[in-house]
Each structure stands twice: as C-alpha cells, then as structure tokens.
Amino acid sequence: MNTHTPSTTTVESTQKASFSSRFHVRSISGLIGLILVGFWLVISVIGPMLSPYPPNDFVSNTVFGPMSMKHLFGTDYLGRDIFSRVLAGTPYTIGVALAATVAACLAGVISGLVAAAATSWVDMTISRTQDALISIPSKMFALIMVASFGSSVPILILTAAIAYMPGSFRIARSLAVNVMTLDYVQVARLRGESMPYIIFKEVLPNMFRPVLTDFGLRFVFIVLLLSAMSFLGLGIQPPEADWGSLVRENIGGLSSGAPAVIMPAIAIATLTIGVNLLIDSIGSKSVQH
Amino acid sequence: MNKTVLRLIINRIGLGILTLWIVSLVVFFITNLLPGDAAQELLGQAATTQTLDALRAKLGLDLPLYVRYFHWLGGMLVGDAGTSMVNGIPILQLIWSRLPNTLLLAAFVTLVSVPVAMFIGIVSAMYRGSWFDRYINILAVCAVSVPEFLIATIAVLIFAVKLGWLSALSHIENAQTFGEMLKVFAMPVLTLCSVLVAQMARMTRAAVIDQLSSSYVEMALLKGASPIRMVLRHALPNAIGPIANAIALSLSYLLGGVIIVESIFNYPGIATLMLNAVSSRDMPLIQACAMLFCFGYLVMVLIADISEIVSNPRLRK
Amino acid sequence: MKDDKKRSLVDQQSSNILTQGVSRRQVLRGMMTSGVVAAGSGLLTPGSSLAFANTDEPKRGGSIKVASQSGSTSDTLDPAHGSGSSDYTRQYMFYNGLTVLDRTLTPQMELAESFDTKDAQHWVIKLRKDVLFHDGKPFTSADVVFTLNRHKDPKTSSKVASVAKQMVEISAKGPHEVHITLAAKNADLPAILGVVHFLIVRDGTTDFSKGNGTGPFLCSVFQPGVHSIATRNPNYWKKGLPYLDSVELFSIPDQSARVNALLAGDVQLINSVNPRAIETLSASPLVKVYHADSGGYTDLIMRDQLGPMKNPDFVKGMKYIMNREQILNVACRGFGRVGNDQPIPKGHRYYNSSLPQTTYDPDKAKYHFKKSGLLGRSIPMVASSAADNSVEMAQLIQLSAQSAGLNLQVKRVPADGYWSNHWMKDTLGFGNINPRPTADLMFTLFFQSNAAWNESGWKNAKFDQLLVAARGETDDVKRKQMYGEMQALIHDQSGIGIPIFSSINDAASRKLGGYKPHPLGGFMAYMFAEHVWLEA
C-alpha cells in the first residue's frame, strides 16, 4: 500500500478551517467558559501590572494570614502576598500548560492519523514506541527528565508534551481506525481518493469532538502535572511559582483554612472549568454525509 | 474462541515482547543520563574516591554501559531480575512484597470508578444538554482540577483528624474484616476516583454522542427505535473502542502514577518503590518496575482492543 | 509562652553544653595523674539512663508507632551504611555502642566498662561481661575488633572510613579487653566511638537484615522502605529496660501527612516537624512539641572562583548581605539561633565570645561586591530540599542581594542526587551539617585544609597547625584560646556563611513519657526507644 504522509502544515490549515467554521458558542455554559478563559488570558497579560506588591517580597510577618484589605488573598508560608503571587503565576500556568497541551495533542493526533492510515509496519513502529512511552509513569518520566536536564520552562513544556502525547495518540488512532471502517470512507477508498483526502475530508472531521474533549482534559492534567512535580520538589524555579506550586508550598496552611492554599486551587479550578466548558460548546454535530 | 481475537492475542504477545524490549532499552539509557549512580547515592556525603571505587566494583558499576545492559538482559531471559543495588534483596522479592498492595488498591478503584464513569457518561450523553448533563459535567471537571495531594490532605483533615472516623494512614495489615478494609481504602479510593472518573466519563460521553449523531443511528431513530435501545444496541458497541481505550489509559495510571496517594497515606505500593529506585539510582529495580508498568499497560490495552473487536463487527475482517 | 518555653530550653541546653568538656578534661587530667581513667564513669553509673532521668514514674508495656521523615528501599540495619533518622533509630534499637553520648554530649560507658589511656594514643578498653547478642552468643572482644576493622576495609564502603583510619591497630587481649593504637593523639576517642556508625555488630556478620545486636529490642520485621517492628528484648543487659513491648517504625516523607498522622492518633511520635506546623500541633491537647537547640546548620557555600581563595571580597559581601534575623524568623519561625559564620554555637564551652557578630549591612556588602567586580552580574545559587530550609534561605538571600545590586538566580534542584552532584560542586550552593559531638570533629571534618568535606575549599596553614596542637593540648584554657583563634579564622576567611543554627523539632503524643530532646538529633538523638514509656 502506498501511503502519503500528511505534512504538518496541511493538518494545521485544516484544523484552522474547522475552528473558524465551527467556532460559535451557543449555550450559556459556553459563554461562562469563554468569560473564564478570556478573563485568565487577560490576567496573564496584564496581571503583573495589577500586582499590589512585588510577588517575591516578604511583606508581612504573619504567615498564612487571612484575607484582608491589605492582603486580598492573605499571605503565604513565608509572609508573601498571595494575591500578587497568583497574578504572577498566571502566565506560567497558562503558558506552560497551553504550550505543552497543544504540542502533545498535535503530535498525538498527527501520529495517530499516520498510524491509522499507513501500512501495518509503520503503524506498528509508531504504536509500539508510543506504548513504550506511555507505560513510563508521567511523574517518573518528569523526575528523570528534570534530574537529567535541569528544570527550565522549555524542559517542562517538552517533558509534559512527551508525557501526554501517547494518550492523545491512542485516542486519535482508535477513533481514526474506527472511522476508517465506516461505509463512506470505504466508498471514498473505492472511489480512489488519495489518503490525505480521506484523512482530512472524511476522517478528521469525524474525530473532531472527542479529540477536543481530550484536549480540555489533557490541559487540566498538564496543569496538575506541574503541581505534582512541585510535590516532588521539581517544576518552576522559586521564587517564581505556578498555581500548582502555590497550592503545594502552602499546603501546611490547609488545616487552618488559609486562603494561601485555597485561592490558587480556586484559580486552577476556574481555569480548567472554563477551558472545558468552552471546548464542550465549540462545534455541535460533526455529521458527515 | 473467535479466530480474530485469537490471532490478535498471539500477535500482541509478540508485539508485547517487542514493546517491553523497547522500554527496557529506553529506560536503561534514559536513567543512565541521570547524574550520579547508585554508589554515590549510597555513600551520600561520605563518598570519597576510594570508597566509591570499592562500591562500584562491588555493584558492577565499573563495567561499561552496554555490558551491564547485556548482563541484565541475559538475566531477564532466564527469569532472573537480579538483586537490588542498594540493599541486596532480590528484585522479585521486593516487587512481590508490594505488588499485591498496588493491585488491591487498583482493583478497589476500578470497581468504584468504572461503573460510575460509564453510568455518568452514558446518561449524560443520552440526555445531552439536560441539567444532569451540565451539572455532572461541571462537577466532574471540578473534581479533576483539584490537585490530588490537596484532595487527599483535605480528606485526611476532615475524616481522620477532625472526625476521627478513619485512619490517616492506609495500613492494610491492620484490616481483618471487610468493613475495616473499606475504612482503610476509603480515602485513597476517593482521591483516585476524583482524578479518574471525570476523564473516563467525559470520554464515554463524547464517544457515545459521536455515535448517536452518526447517520446510521439517525436512520434507526427515524425508523422508530427507542433511545435507550438505540444507545445500548447500536451506539455503545461502536463507541466501545474509544471508551475502552480511555479506561485502559486511566487505569494504567493506577500502577505507576499513584506516587502522591501512596506517600500521603503511607501505602506501600509499587510507585513509591520505583520513586525510591530512581532516587537511589537502583538500576535493576527501576528496570523491573518499568517492565512491570509496561506489562500492566499492555494487558490493559489488549483487553481494550479485544473488546473493540468483539463489539465492532467491521473490524473482524 | 512559647518563647518562654524556648528560652528555658536554650538555657538548659547552654548549661548542658558548658559541662561538655568535663569528660575530656578528666581524660586528660587522668592521663597526667593516675594514668588510668574511666571517662565520665565517676559521674554516672555505667549504662544507666540517669542522663535521661525523668520525674514521672516509668510504666512497663505497650506498643507505639513512630513515623520518621526519611526512609526508602535503601534502609539498612548495617551501622556502617546507615543514613537518616530511620536507619539510626532502628540501629539504636537493635545494637549498642561501646559508649553513648548523653544530652550534655559527654560519652557514657555502654558496652565498654572503661577507656584507659596514658597518652591519648594507646587505649585499653575493658568490656562488659554480662552481655548477650540476640542470637544468644556472648559479647566479646572479637566482636569489637571485627566491628572496628570493618570500617577500615574499603570493601565495606563505611561512612566513617575516614575517621576509622586513625585506629592503626585494633587487637583483642583476652575475651574482654581491646587495645587500640591511634595514628596520633586524640583524647576524643570515647566520644568518637559513641557515634551511631560504630555500633557493635557480631563477629563475622555478613547479613545485616536480622539486626542481630545486643540492643534493647529484637528485630521481628524489617522491610526496607516499608516498616520495621521491634519487640522487647527480655534478656537486655540493662535490667528493667526497655519499657515498651514493641515499636513499629516507618517513614512518612510528606511533612503535612506526618503531622496529620500524629494529630489523628495513628502514630505516637514524629520527627522533623516543620516550624510552621508547630502552632497547629501546640494547639492540640493530645500532642506535645519538643525542641532542642543543636549545633547543626544549613550553610551557604562559596567556592572556586567565588570562593575565599579566589574572591575574598565576594565572600565578605555575602556574609554582610545575609539578614540573619529575617532568615531565622521567616525560614524557621524563630526556632533556632543566629549564627556567626563559624561552626561553634553560642553557649558552647569553646565559643569565642569576643568575635563580633556580623550583621545585615547592604552598604558594606555593596562595597565588597563592587570590589569583587561582580556587581550587576547574574550568578546562579543552587538550593534543594535535600539541605533543610535552603530553598527558603536562598529566596531570602536573593532578595537581600537584589537591594545591594547583586543578581542571584535561585536554582532549585531535586533532592535525590544533591549530595553527590551538587554539594561542594556548585560555586554557590548550600550544605547541611548535622551536629557532631566535639568541636575537634567539626573542625577536622569540615575546615581542615585537606578534609574531604572542606566545603568551600578553604586552605589555611595556621588553622591546620592550631587544630593538631589543640588535640594534644592538655591545658583547657590554652585549648579554648586556640579554638577561639580557629573560630576567628573561619569567621573572617572561610568561604561558608552560617546564618543560623537549626533547632531540632519533634512532636509526640502526650501519652508518651520519658521523652527528652537531645542536641545531637531528633528522636532523642535516635535513642528514644530504650527510654520512653506509654502512660496508661
């Protein structure tokens, strides 16, 4: 079988087309999602300007201080202003997680499509390699990567992307294989359509929703992986911190109900809920024929 | 047994061995990128050139990398996983002392999370857009977006410290009756379910909805088939592939991904074993754990693929 | 209230440390007069628990669970390889040493009956005759010779190989006498042999997983990285001890999980309590927090091109830029003592009180940074949770340095691999030094020019001369003067900054009786099991 490997650019352009044609938010929940995501995106850009204190300065003698006019979200385990630290952590959290999720999903879907469309030999090579990768637990993988190459933002993005790519791959491949067996695809094959045509015109649109759903959750997982890495003492370098690390470094204040641990957790929750609500409402039916 | 399934299994055993070999290669060489070795970790601050050399010779770390790999591979081929570099205990013994714990926890979590997730996913797909669909969706996303160490710590503070109903530590040797067992597992299972249910439920929902919106289902609906029958007879079987895959992925997390739950509840499972092995650069143990995780994952994926083939007649060609 | 409690502990500790030199002075005086002395034995009955005495009436029986902060599959019952609180605690349950260091850091006789010497170089050790190993074999000189010789064998990879090296000849004279010849005079031998790694194992032991020693507990279960269960040794040679029937020990590395387990009543004793959790714990009616001031510290290490040999001005600047009070209050919540860039804490018998305290002074720091030519440069500073509090300290120092125009970048690295890959390798990093029983050991291990652990690579011929001279010096006033001079040299010239001395924080259930914090480490310097009891 002679297969054509689709190039990255074609996939991107197709996806862009799909996005623009499908991007209409229809429900209230979608609107809420849009507002939440928009809010955090705006904050990630202008947040540092709103910060009442330098986020890394020790501004209070009280640790795990309560909410007050002086410190909106209270103070952290060293007496720093949590409101300023949440603002400062926004670009890290959103930036790293978004970059890693896009990279993971793009790589996963492309390799999934290639594997589904290609010869069994290519399929096997890709699938086995992905299997080998996925069976290494992500936290362990992250630990090894960071210990070997040091902890920097690019390494974190790369690590998270590699760790979460195989999951995306499996789902994409499974969907694609399933769609490939559908009648209209078989018909298209009999018609003698080229493989890229089949993939982008017939297969990809039919996988759109599950892949997007998967994207939303993968985003959450990567945000959480960053926080899990701070559990293991890795992740973003102090004194900077992403939201997950903020939760982690202030976990000692949980028993006294310190806002220092609750507020970053709420920030994570609102962002992930926003992303998922928005994604759920993007596109409606993806019916073909 | 179905011929296709049989062929698949035989095929997969071969491929599985191939995958395991790739994993062993990848893990062996990745972990060798780690700075430091077992001898340095063992001696810590007490490492001097002399003591290091002596210990390296004793552990066989003075041999070249590829020689060590072939020694290890040779051992594996005859079923000998070697002994731990840090305490001299046979690897198999170390793993056997912890594997039952990991499997028990995984079994509990599976028993709770899979039915719940399937139920939520299918019902919310059937009544798409209803209040149930919306609230359960938001609830699931909420649950999954809280870092698991936070859920675990909150649970401990409420149920163990404040109320005193449960033990803060999950020590199974103290559990004799089934009731005590439930008490021991309540908090770890709760924590892990809140991590896993959302993902499985959402993938189930998405896959079922996708089938419901495809042409043959619409056709059948036009012919007057009932919605429930429609979902169970037509949509679900076709959606099994993606669902089973999502479940397999989620559950493979229960082998090696539960480091945080194991360490907070002081539960002696395989994940902490591997974490320790990485920290102490105990190569044979890292290798064995990686092999085990890969094996567990392959089995899970095999089950997912078999259920896909069995449920989708089109794939039985 | 808390402060009062703390102060009283400090006072108590200081007074304890003041008596620290007694044993050594006795050894030295003994050498000059009678020529034979049993170190410390005139003060306390050999092997008694008087140093740990408590007013409450001890009770027999009961079992406790103990959670330590460290523990992994590398847990070992081999004293030569032990590291971390879990190993040390287990080893003290199963084995005894020749001597033991009490809370005043004075060596007390344990398996030895006496240490005799005429010149502090040739030692005669008499052993107890009534001691049995757990397997029923009697304890003899062969066990001591075997144990001590093991450390000298490179194949053992002992953690105290460098210390054991000075025992050039170890021989048995009869079943209950051992002769040791040292390479050079060292009156501290009884204290050195009280270190946990020198616990006595049975002659010819190769498999240490059984924990066959002479100690107060028998090893029933030992699973590395999981747990151990120790049961009472009914034939223990100290009559009436131990009080407890069994002790289960496991590790909970996560700080807050460890604290919660104690609060929930699942364990009765924990070590290494985060200072920020102390308030919560103190509020609970069920538990009690114990502090001990120690001579341990987390230090800033400056070496290589930033170090004392190449860039003394940078080192001076860094010493001025450390805001010690802030580090003490923010990183440790006030639990600890301010340090002065030398390893002998205030209140110690040999503390040099004439040394001026270095204080936070950004202007002076800026002056020195400018002179060093590093002002405005960006310099990485490596910290890790492996070195207690170093991540917090690094952030505080970074912020202060900013105000003096020095740009330090905190690089947090994983705890595993820290000691082998970063410690004493980075030009700017942190070390974590556990308290040692004698001033001589602190100086020898960490500041002598050729010491393996000379953290900043500092070389000073005068310091080395003073060190050797002080070891053989019999006049205590002169020795104190020498030690004072050495402290001044370290303070002025060495490349390490010691902003604070740490505090040892343990917490236990109020039902646990007989618990007394010890300046050498948590868990009563890991020896609690023999001395504590459970109130009904």
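Proteins come first, then strands; the chains are lettered A, B, ... in the order of their sequence lines, and each starts at number 1. Below, all heavy atoms of this structure are taken into account, side chains as well, without hydrogens, waters or symmetry copies.
When heavy atoms are compared at a cutoff of 4.5 Å, C:Ala161 approaches chain B solely by way of its side chain, counted from C-beta outward. For chain C, the nearby part of B:Ile89 is the side chain; its heavy atoms alone come within less than 4.5 Å. Neither the backbone nor the side chain of B:Leu275 comes within contact range of chain C, judged by heavy atoms closer than 4.5 Å. When heavy atoms are compared at a cutoff of 4.5 Å, B:Val156 approaches chain C solely by way of its side chain, counted from C-beta outward.
Crowding of B:Lys183 atom NZ: a count of heavy atoms from other residues, nucleotides or ligands under 6.0 Å not exceeding 12. Under a cut-off of 6.0 angstrom, the local environment of NZ in B:Lys162 is sparse, with at most 12 non-hydrogen atoms contributed by other residues, nucleotides or ligands.
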Taking distance alone, no hydrogens or angles, what donor-acceptor pairs closer than 3.5 Å link side-chain atoms of residues 65-77 of chain B to residues at least two apart or in another chain?
{"unit_1": "B:Arg68", "atom_1": "NE", "unit_2": "B:Leu63", "atom_2": "O", "d": "3.3"}
{"unit_1": "B:Tyr69", "atom_1": "OH", "unit_2": "B:Ser24", "atom_2": "OG", "d": "2.7"}

When you look at B:Ser167 and C:Asp266, which way does the side-chain hydrogen bond (donor to acceptor under 3.5 Å, both in side chains) test go after all the steps? CA-CA 6 Å; B:Ser167 161; C:Asp266 289 313; 3.0 Å; yes

Take B:Leu169 and C:Ile252 through the test side chain to side chain contact (heavy atoms under 4.5 Å, CB included) and record every step on the way to the result. CA-CA 10 Å; B:Leu169 308 171; C:Ile252 308 180; 3.5 Å; yes

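Looking at residues two or more places apart in sequence or on another chain, you find a ring-ring contact (aromatic ring centres under 6.0 Å, His included) between C:Tyr526 and C:Tyr88.
Between atom CG of residue C:Asn260 and atom CZ of residue B:Phe265 there is a gap of 10.0 Å, rounded to the nearest 0.5 Å.
Across B:Asp53, B:Ile264, B:Asp282, the residue that shares the most heavy-atom pairs under 4.5 angstrom with chain C is B:Ile264.
Distance alone, capped at 3.5 Å, is enough to place a donor-acceptor pair between the B:Asn266 side chain and the C:Ser251 backbone.
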